[in-house]
Amino acid sequence: MTIELKNGNIMVRELVVTDEEKTLDFGIILPKEIIEEDQVAQGTVVQAAVAGYSSGDIVLFHKTLPVNARLKIEGSDKFEEFFFVKEEDVICKTTK
């Protein structure tokens, strides 16, 4: 199966941030309330239909807005959860 993103979507695999890990990989510190309320998430870009985003970029996005889906990636026997985020819902990004 091949995924071709449309309409400015970015496919993101969520990186889990626990209460103990309030500082994100790129130095942003999240208040405990934001983590508990599940408002934002940090993730790795898998694929993007938007210029300026590459596979492996780390993004911080509004978690309550995107669509999430469980997909089985080719060559894998398990399902993984991905978020499909609009560019305007990305708060910031960093590159590897």
Side-chain angles (χ1 to χ4, degrees):
M1 171 175 67
T2 303
I3 295 174
E4 184 179 334
L5 296 176
K6 302 285 187 180
N7 303 318
N9 281 293
I10 302 167
M11 184 176 179
V12 177
R13 179 181 290 121
E14 183 179 12
L15 298 174
V16 178
V17 178
T18 64
D19 280 346
E20 295 80 36
E21 301 172 318
K22 288 180 240 152
T23 302
L24 302 181
D25 290 347
F26 43 93
I28 293 178
I29 300 172
L30 293 177
K32 185 177 179 180
E33 298 77 30
I34 289 178
I35 294 171
E36 289 173 350
E37 294 174 14
D38 227 15
Q39 294 176 3
V40 297
Q42 174 180 306
T44 304
V45 173
V46 176
Q47 185 180 9
V50 179
Y53 292 89
S54 301
S55 180
D57 288 351
I58 306 293
V59 294
L60 184 66
F61 61 95
H62 293 282
K63 190 172 179 181
T64 55
L65 300 175
V67 173
N68 63 328
R70 293 178 50 79
L71 303 172
K72 189 182 283 189
I73 301 300
E74 192 171 328
S76 175
D77 59 346
K78 64 178 184 167
F79 284 90
E80 294 183 56
E81 187 166 350
F82 296 92
F83 288 92
F84 294 90
V85 182
K86 292 284 189 190
E87 182 179 24
E88 57 267 14
D89 296 331
V90 173
I91 300 166
C92 61
K93 77 164 189 146
T94 186
T95 55
K96 328 186 245 187

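As the structure is a computational prediction, the values presented were derived from the model and not from experiment. Numbers for residues simply follow the sequence, beginning at 1.
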What residues form a salt bridge (Lys or Arg N to Asp or Glu O under 4.0 Å) with E4, not counting sequence neighbours? K6
[atom1] of [X] to [atom2] of [Y]: how many Å apart, nearest 0.5 Å?
X	Y	atom1	atom2	result
I10	S54	CD1	OG	10.5 Å
K86	N7	NZ	CG	5.0 Å
Y53	L5	OH	CG	13.5 Å

Mind checking whether V12 and V59 have side chains closer than 4.5 Å, heavy atoms only? yes
Just to verify, what does T44 make a side chain to side chain contact (heavy atoms under 4.5 Å, CB included) with, not counting sequence neighbours?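 Side chain to side chain contact (heavy atoms under 4.5 Å, CB included) check on T44 returns L15, I58.
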Got a sec, which residues hit side chain to side chain contact (heavy atoms under 4.5 Å, CB included) with V46, two or more places apart in sequence or on another chain? M11, R13, F82
For the side chain of K93 and the backbone of V45, is there at least one donor-acceptor N/O pair under 3.5 Å apart? no
Say whether, by atom type as modelled, one donor and one acceptor occur between the side chain of Q47 and the main chain of I3 under 3.5 angstrom. yes
So, for D57 and G52, which heavy atoms are closest and what is the spacing to 0.1 Å?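 Looks like OD2-O, 4.0 Å.
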Identify the two heavy atoms, one from H62 and one from I91, that lie closest to each other, and give their separation to 0.1 Å.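 Taking H62 first and I91 second, the nearest heavy atoms are NE2-CG1, 3.7 Å.
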Mind checking what makes side chain to side chain donor-acceptor pair (under 3.5 Å) contact with E81, not counting sequence neighbours? N68
